Asker: 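Sharing a structure, written as structure tokens. Questions coming.
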There are 2 protein chains.
Amino acid sequence: MHGGGILHLQVAKKKPSRTGEVSLRADAQLNRERILAAAEEMFLEHGANVSLEDVAKRANVGIGTLYRRFPTREALLGAAYSARFLELAEASRARDGELTPTESVRAYLEQLVLHTNVYRGIAASLGTVLQTDTPGCHATSEEGRRLVRRAQKAGVIRRDVTFEDLVCVATAISLASEQSASSKSRVAHLVDVFLGGIASR
Amino acid sequence: MHGGGILHLQVAKKKPSRTGEVSLRADAQLNRERILAAAEEMFLEHGANVSLEDVAKRANVGIGTLYRRFPTREALLGAAYSARFLELAEASRARDGELTPTESVRAYLEQLVLHTNVYRGIAASLGTVLQTDTPGCHATSEEGRRLVRRAQKAGVIRRDVTFEDLVCVATAISLASEQSASSKSRVAHLVDVFLGGIASR
DNA sequence: CCACAAAGTGGAGGGTTGCTCCACTTGCAT
DNA sequence: ATGCAAGTGGAGCAACCCTCCACTTTGTGG
């Protein structure tokens with residue numbers, strides 16, 4: 001090999017797809033999906049605090065592999081929620097025209113609570129999960145911020161209310177409903193009270 | 001002993017004090033207090049999730065003894081909070097005359113959040129802790145209900161708002177402040193938003 | 001087609017905690 | 001003084017988390 005060989009493009013051996021992720025080896029990719037599927041099932045069945053070793057077992061994967069791909073429980077939860085949250089964000093955008101700004105926020109909040117309660121034992125960490133670096137979580141946050149801005153521009157909610165306040169409330173409501181197995185009507189009630197609170201006087 | 005002995009009153013060997021509690025043996029009572037004191041210190045220092053074995057160690061007591069007296073972590077937390085909550089309730093009653101019904105609720109809420117945040121990692125279970133069977137928790141709940149009723153009679157908050165809603169909000173605010181180390185002003189802000197929400201239109 | 005470096009794998013193992021159980025000790029009523 | 005119910009302590013087991021590293025697999029450059 002002559003010096004020119006160096007010029008030979010260091011082609012995307014690890015195709016660093018624009019987000020910086022490296023592409024996984026085929027077998028690794030398969031395992032990743034297996035883990036995600038297993039996690040989904042286990043979280044649904046036993047709540048978000050299920051033993052990670054059991055998840056690995058169900059995925060037919062060593063515990064080490066699971067940790068290699070998802071270094072923390074939060075990471076796994078975030079990934080598992082990504083698809084769900086992506087749907088949420090898209091659905092919200094889809095009904096954008098049909099609802100008033102206030103009603104959009106209401107719908108968003110209710111959906112956020114609903115999705116959060118899909119797994120039990122996660123409400124308290126909704127804030128953290130939403131910050132996970134994953135398309136779904138990102139999209140959902142973005143959509144939330146957009147709705148807040150829109151409603152504020154329309155002058156129907158207070159200027160000093162932030163998206164974080166919204167998450168805080170969603171957390172509380174989710175927590176309440178997972179603790180006392182609150183009915184759907186209680187959720188609606190709590191959302192209602194909060195909406196009253198953020199409305200412009 | 002002759003049959004008459006049976007009539008001999010089964011005197012309160014275990015003085016079942018009107019609440020059904022049995023009085024402890026002197027040494028047991030002492031240990032109970034030691035445990036409580038140790039728990040107080042450890043919770044303050046390391047948050048509500050500190051290892052119970054460590055608590056037992058600090059109390060110079062076997063782990064078995066701790067479990068015998070406080071079968072669950074919640075029980076221990078409830079007991080540790082009792083004194084604190086008793087103060088809260090009394091302070092609230094004390095300033096009863098000086099504040100408007102709305103301001104009473106505001107003060108109560110802020111105090112509840114403040115007390116909840118004395119130990120870290122407890123916000124999410126405020127609801128459960130408040131239900132612990134202990135004088136302080138009982139007093140605090142009672143006082144909260146009273147304030148809600150009073151404000152409703154005065155017509156300044158919505159009729160459909162319950163004390164449980166209040167606890168839910170206190171939980172949210174406490175959680176937010178222990179997670180993102182929220183400033184005091186954020187607490188005030190969130191309380192404010194909520195108060196706006198429960199106010200009568 | 002092969003050889004081989006990098007990527008990936010699995011699970012043993014060490015650390016922590018929760019909780020139970022029971023052989024022993026102690027207080028107290030008689 | 002004595003008997004026994006109440007109380008005690010901590011060994012021990014089970015569950016879980018997470019790390020670490022000897023081995024296996026993939027896919028690439030020659």
Side-chain angles (χ1 to χ4, degrees), chain A residues 1-2 4-17 21-36 38-39 42-43 46-77 121 125, chain B residues 1-2 4-17 21-36 38-39 42-43 46-77 121 125:
Chain A
M1 253 211 245
H2 59 306
I6 293 175
L7 290 181
H8 190 319
L9 285 176
Q10 292 291 40
V11 275
K13 190 176 253 186
K14 322 246 92 173
K15 165 178 50 169
S17 80
E21 296 157 12
V22 293
S23 70
L24 295 177
R25 232 167 65 177
D27 54 342
Q29 178 61 33
L30 183 70
N31 277 338
R32 203 192 113 97
E33 275 152 25
R34 270 212 278 251
I35 293 171
L36 229 45
M42 297 294 274
F43 286 156
H46 301 104
N49 297 311
V50 84
S51 151
L52 293 187
E53 317 224 340
D54 287 354
V55 172
K57 228 165 264 170
R58 157 108 49 149
N60 281 314
V61 143
I63 183 66
T65 301
L66 187 151
Y67 272 97
R68 160 173 275 252
R69 222 46 80 193
F70 304 96
T72 70
R73 185 182 291 269
E74 299 287 351
L76 186 53
L77 278 169
S125 29
Chain B
M1 274 213 207
H2 61 303
I6 293 176
L7 290 181
H8 189 318
L9 283 177
Q10 292 291 40
V11 276
K13 189 174 254 183
K14 318 249 97 172
K15 164 177 54 166
S17 81
E21 296 157 13
V22 293
S23 71
L24 296 177
R25 231 166 65 176
D27 55 340
Q29 179 61 34
L30 183 71
N31 277 340
R32 203 192 112 97
E33 276 152 24
R34 270 213 277 250
I35 294 171
L36 229 46
M42 297 294 274
F43 286 155
H46 302 102
N49 297 311
V50 84
S51 152
L52 292 187
E53 317 225 340
D54 288 352
V55 172
K57 228 165 264 170
R58 157 109 47 150
N60 282 314
V61 144
I63 183 66
T65 302
L66 187 149
Y67 273 98
R68 159 174 277 253
R69 221 47 77 195
F70 304 97
T72 71
R73 185 182 290 269
E74 299 286 351
L76 186 52
L77 277 169
S125 28

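Proteins come first, then strands; the chains are lettered A, B, ... in the order of their sequence lines, and each starts at number 1. Predicted model only: the values in this text are computed from it and were never measured.
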Asker: What is the distance, rounded to the nearest whole Å, between atom CG of B:L52 and atom P of C:dC19?
Answerer: 7 Å
Asker: Measure from CD on A:Q29 to P on D:dT26 and round the result to the nearest Å.
Answerer: 15 Å
Asker: Of the listed nucleotides (C:dA12, C:dT20, D:dT8), which one gets closest to any side-chain atom of B:Y67?
Answerer: C:dT20
Asker: Roughly how far, to the nearest 0.5 Å, is the CZ atom of B:R32 from the OG1 atom of B:T65?
Answerer: 13.5 Å
Asker: Just how far, in rounded Å, is C1' of C:dA29 from CZ of B:R25?
Answerer: 12 Å
Asker: Testing the basics here: between B:I35 and B:V55, what is the closest heavy-atom pair and its distance to 0.1 Å?
Answerer: O-CG1, 4.3 Å
Asker: Looking at the side chain of B:A26, which of C:dG8, D:dG7, C:dC28 is the nearest nucleotide?
Answerer: C:dC28
Asker: Could you tell me the separation between the CG atom of A:L66 and the P atom of D:dC16, rounded to a whole number of Å?
Answerer: 14 Å
Asker: So, taking the atom named CZ in B:R69 and the one named CZ in B:R34, what distance separates them when rounded to the nearest 0.5 Å?
Answerer: 12.5 Å
Asker: So A:R69, base contact, sugar-phosphate only, or nothing? Heavy-atom distance under 4.0 Å.
Answerer: sugar-phosphate
Asker: Would you kindly give the CG-to-P distance between A:L30 and D:dT26, to the nearest whole Å?
Answerer: 11 Å
Asker: Which heavy atom of B:A48 sits nearest to which heavy atom of B:R73, and what is that distance?
Answerer: O-NH1, 2.9 Å
Asker: For B:D27 and B:D54, take the nucleotide of DNA chain C holding the closest heavy atom to each; which residue's nucleotide lies nearer the 5' end?
Answerer: B:D54
Asker: With respect to the phosphate group of D:dT8, does any side-chain polar atom (N or O) of B:N31 fall under 4.0 Å of OP1 or OP2?
Answerer: yes
Asker: Tell me: CG of A:N49 to C1' of C:dG18, nearest whole Å?
Answerer: 15 Å
Asker: Report which part of the nucleic acid A:R73 touches: base, sugar-phosphate, or nothing (heavy-atom distance under 4.0 Å, all strands).
Answerer: sugar-phosphate
Asker: Give the rounded distance in Å between these two atoms: CG of B:L24 and P of C:dC28.
Answerer: 11 Å
Asker: Rounded to the nearest angstrom, tell me the gap between atom NZ in A:K57 and atom C1' in D:dA15.
Answerer: 10 Å
Asker: Taking only the side-chain heavy atoms of B:S51 (C-beta and beyond), determine which of D:dG7, D:dC17, C:dG18 contains the nearest atom.
Answerer: C:dG18
Asker: Can you find an N or O donor on one side and an acceptor on the other, under 3.5 Å apart, linking the side chain of A:R68 with the base of C:dT9?
Answerer: no
Asker: Heavy atoms from C-beta onward define the side chain here; which of D:dT8, D:dC18, C:dT9 lies closest to that of A:E53?
Answerer: D:dC18
Asker: Let's see if you can work this out: which of D:dT8, C:dG10, D:dA5 has an atom nearest to the side-chain heavy atoms of A:V61?
Answerer: C:dG10
Asker: What pair of heavy atoms forms the shortest contact from A:L36 to A:L76, and how long is it?
Answerer: CD1-CD1, 3.9 Å
Asker: For C:dG8 and A:T65 - does any side-chain N or O of the residue sit under 4.0 Å from the phosphate oxygens OP1/OP2?
Answerer: no
Asker: Counting heavy atoms from C-beta on, name the nucleotide in D:dG9, C:dG11, D:dT25 closest to the side chain of A:I63.
Answerer: C:dG11
